[in-house]
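These numbers were taken from a predicted model, which means no experiment stands behind them. In what follows, chains are A, B, ... by sequence order, proteins preceding strands, each numbered from 1.
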There are 2 protein chains.
Amino acid sequence: MAKPTGRAMRDEILIAGQELAQSMGVAEFSYADLSERVGIRSASIHHHFAKKEDLVTEIASRYRGNFGAQLRELEERPSSVEQLEGYRDLFEETVTKGDLCLCGSAAAEWSAIGDSTKDEVKAFFAEQTRWLTDVISKGMASGEFSSGLNPSEEANLLLAALEGATLLARVENHGAHVGRVFDRILTFLTTQPSK
Amino acid sequence: MAKPTGRAMRDEILIAGQELAQSMGVAEFSYADLSERVGIRSASIHHHFAKKEDLVTEIASRYRGNFGAQLRELEERPSSVEQLEGYRDLFEETVTKGDLCLCGSAAAEWSAIGDSTKDEVKAFFAEQTRWLTDVISKGMASGEFSSGLNPSEEANLLLAALEGATLLARVENHGAHVGRVFDRILTFLTTQPSK
DNA sequence: TCAAGTCTACCAAGTACTAGGTAGACTCGG
DNA sequence: CCGAGTCTACCTAGTACTTGGTAGACTTGA
């Protein structure tokens with residue numbers, strides 16, 4: 001495969017940067033790490049992304065965009081339950097690679113990231129919450145979920161639990177963690193309370 | 001107040017280090033930050049803690065110990081629900097200060113911490129899970145919680161959700177997040193399913 | 001006197017970032 | 001078609017600064 005150049009190299013940097021950020025942490029990876037990975041000098045990376053904050057913000061923006069695209073694919077699934085299961089799979093995939101959600105990592109290093117990055121992270125979580133709220137609402141309307149739920153509360157819970165489980169899975173290193181936590185919540189959502 | 005010295009200074013460093021680690025991140029705070037905070041030169045901090053890993057590990061160990069002591073206090077509360085509510089309050093207190101759970105932060109920066117620190121973090125989460133499992137078991141036995149539960153699964157869920165909520169609370173900056181997520185789970189635990 | 005604690009003064013290595021330049025591809029008037 | 005100018009992409013070689021960590025001298029209380 002030919003060494004990429006120009007805009008292709010720019011993309012390469014974004015992809016490698018995302019991987020490094022998810023495995024090492026947003027504040028932990030350096031232009032030197034990136035340089036080694038993509039095969040150009042760190043000074044040349046500065047040609048594409050003048051400041052690290054620019055790079056990180058664009059990585060976050062790209063991440064949000066890709067995640068959004070995957071959510072839109074999931075929307076084609078026939079049931080709300082299947083859509084949520086697909087959502088769980090997105091997190092499980094991340095854990096399998098030993099990674100963290102990019103924005104979870106950014107949230108943990110909140111004081112070390114710039115304002116423009118923070119805005120992207122906020123937007124990411126807002127989108128996630130909105131999407132989950134929507135899926136749960138529709139699932140309630142269709143009868144897949146029990147009727148007493150508060151969609152945005154359940155969405156918050158699901159998101160928090162998955163982000164937390166991603167964190168814990170690393171420590172206890174087995175990826176089943178995320179799936180188990182998710183399944184537990186799904187059971188709660190689909191079970192009718194009696195009192 | 002007189003400037004502490006000797007072992008008192010050592011404790012001072014541990015306390016300040018914990019605060020910095022929780023607000024900035026374990027890998028983000030430096031001996032320089034610590035120096036400014038406790039009023040001695042960074043070289044003098046090295047006298048007490050030769051390597052940063054030594055310091056961070058001891059901070060984590062202390063954190064785990066203090067947390068354990070608080071759990072033992074909570075055990076004196078009359079009901080399992082009240083014990084869990086106390087547990088929630090521990091997390092809410094952290095969020096109010098704009099901090100992260102120390103071990104949550106460490107988990108997020110997993111690749112940047114040393115092995116001895118990792119062991120402390122693992123032990124912390126194991127203890128949390130064990131305590132929660134225990135409380136939920138007893139709550140089931142006493143009839144406070146519904147009978148179909150799997151205590152260790154619920155414990156995992158609760159811990160993951162609280163850690164995740166702590167993360168998200170920072171981004172969306174309002175501390176109510178943790179309480180809402182917790183209350184949602186508590187409702188699930190105390191509601192009898194009908195099918 | 002002695003040892004614990006703190007200091008000043010370093011260091012090597014790493015950080016993000018910059019200055020200045022080169023090779024090659026593209027543009028465009030004559 | 002040609003040459004001058006321009007642009008992109010990358011380079012070498014640095015800047016200024018921070019990092020954790022070390023060596024050795026000074027201070028001070030017991």
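Computed from coordinates, the M9(B) CE to dT28(D) P distance equals 15 Å when rounded to whole Å. Distance CD (E28(B)) to P (dT18(D)): 17 Å, rounded to an integer number of Å. Distance CG (D33(B)) to C1' (dG20(D)): 13 Å, rounded to an integer number of Å. The distance between atom CG of L34(A) and atom P of dC10(D), rounded to the nearest whole Å, is 13 Å. Spacing between atom CD of E12(B) and atom C1' of dT6(C) amounts to 15 Å, rounded to whole angstrom units.
Side-chain contact of S116(B) with T57(B): a donor-acceptor pair under 3.5 Å is present, judged by distance alone. Checked by atom type, the side-chain pair Q128(B)/Y87(B) shows a donor-acceptor distance below 3.5 Å. Between the side chains of Y63(B) and E120(B), no donor-acceptor pair of N or O atoms lies under 3.5 Å. In the model, S79(A) has a side-chain atom that pairs as donor or acceptor with a side-chain atom of E82(A) under 3.5 Å. Side-chain polar atoms of S30(A) and D33(A) form a donor-acceptor pair below 3.5 angstrom.
Comparing dA16(C), dT12(D), dA9(C) against the side chain of R41(A) picks out dT12(D) as the nearest. Residue I40(A) places its side chain closer to dC11(D) than to any other of dT19(D), dA16(C), dC11(D). Side-chain proximity of A43(A) to dT19(D), dT22(D), dT12(D): nearest is dT12(D). Considering only side-chain atoms of H46(A), the nucleotide from dT22(D), dA16(C), dA4(C) that sits closest is dA16(C). Distances from the side chain of Y31(A) to the nucleotides dT6(C), dT18(C), dA16(C) place dA16(C) closest. Distance from the side chain of K52(A) is smallest for dC17(C) among the nucleotides dA23(D), dC17(C), dC10(D).
Within the 4.0 Å cut-off from OP1 or OP2 of dG5(C), not a single side-chain nitrogen or oxygen of S44(B) is found. Applying the 4.0 Å criterion to OP1 and OP2 of dT15(C), one finds that K51(A) has every side-chain N and O outside that range. Not one side-chain nitrogen or oxygen of H48(A) sits closer than 4.0 Å to the OP1 or OP2 atom of dT8(D). Distances shown here put every side-chain N or O of H47(B) at or beyond 4.0 Å from the OP1 or OP2 atom of dT6(C).
Residue F49(A) is out of contact with every strand shown, counting any heavy-atom pair closer than 4.0 Å. When heavy atoms are screened at a 4.0 angstrom cut-off, A32(B) is found touching the sugar-phosphate backbone but no base atom.
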